Amino acid sequence: MSKKTLRRQSLPDLTIQECGGLEAIMEVAADNGLSITDDITPGTTLKCNAVVNKKNVDIYNANDLRPATGITQEEVNELTGDGEGVEFWGIEEDFEAQ
């Protein structure tokens with residue numbers, strides 16, 4: 001089965017939607033010549049042949065659920081102020097505990 005990706009849809013999102021679980025992510029990535037961490041351009045058609053949990057696939061389809069959790073680094077920077085602040089500091093890198 002082939003499926004077009006949506007805006008902000010990642011490979012894990014599409015794998016869960018079309019295969020019913022992340023157990024199939026390596027097969028989906030390999031079938032499409034991708035790494036599991038690759039960004040996907042919206043509208044890209046991907047092959048998803050491994051269904052690992054049909055019940056989950058049926059739930060996603062019946063409820064028209066289309067997960068789209070992908071976010072670009074630019075969007076992260078907009079939300080976080082370019083990665084500045086205590087939540088981005090590493091102990092003994094940017095921040096020293098005394």
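Heads up: numbering here begins at 1 and tracks the sequence. All values derive from a computational prediction rather than experimental measurement. Below, all heavy atoms of this structure are taken into account, side chains as well, without hydrogens, waters or symmetry copies.
Residues meeting the side chain to side chain contact (heavy atoms under 4.5 Å, CB included) test with Leu14, sequence neighbours left out: Lys3, Thr5, Gln9, Gln17, Glu18, Leu46, Cys48. Not counting sequence neighbours, the partners of Lys54 by the salt bridge (Lys or Arg N to Asp or Glu O under 4.0 Å) test are Asp58. Contacts of Lys4 classified as side chain to side chain contact (heavy atoms under 4.5 Å, CB included), with partners at least two apart in sequence or in another chain: Thr45. Residues passing the side chain to side chain contact (heavy atoms under 4.5 Å, CB included) test with Asp39: none are found, sequence neighbours excluded. The side chain to side chain contact (heavy atoms under 4.5 Å, CB included) search around Thr37 returns Ser35, not counting sequence neighbours.
Remark: side-chain polar atoms of Thr44 are not paired, donor with acceptor, to backbone N or O of Ile40 under 3.5 angstrom. The backbone N or O of Thr69 lies less than 3.5 Å from a partner atom in the side chain of Asp13, making a donor-acceptor pair. Between the side chain of Asn32 and the backbone N or O of Val28, at least one donor-acceptor pair lies under 3.5 Å. The backbone N or O of Met1 lies less than 3.5 Å from a partner atom in the side chain of Asn49, making a donor-acceptor pair. Side-chain atoms of Asn53 do not come within 3.5 Å of backbone N or O of Gly20 as any donor-acceptor pair.
By the criterion of side-chain heavy atoms lying less than 4.5 angstrom apart, applied directly or through intervening Ile, Leu, Val, Met, Phe, Trp or Tyr residues, Val52 is not grouped with Ile59; the two fall into different hydrophobic clusters. Residue Tyr60 is not grouped with residue Val51 when hydrophobic side chains (ILVMFWY) are merged at heavy-atom distances under 4.5 angstrom, including chains of intermediate members. A continuous path of hydrophobic side-chain contacts links Ile16 to Leu65 [ILVMFWY only; heavy atoms under 4.5 Å].
Each salt bridge (charged side-chain N to carboxylate O under 4.0 Å, His left out) pair with one or both residues in residues 59-71, not counting sequence neighbours, appears once here: Asp64-Arg66.
Taking each heavy atom of Ala24 and Ala50 in turn, the nearest pair found is CB-O, 3.7 Å.
The closest side-chain heavy-atom distance from Ile25 to Leu11 is below 4.5 Å.
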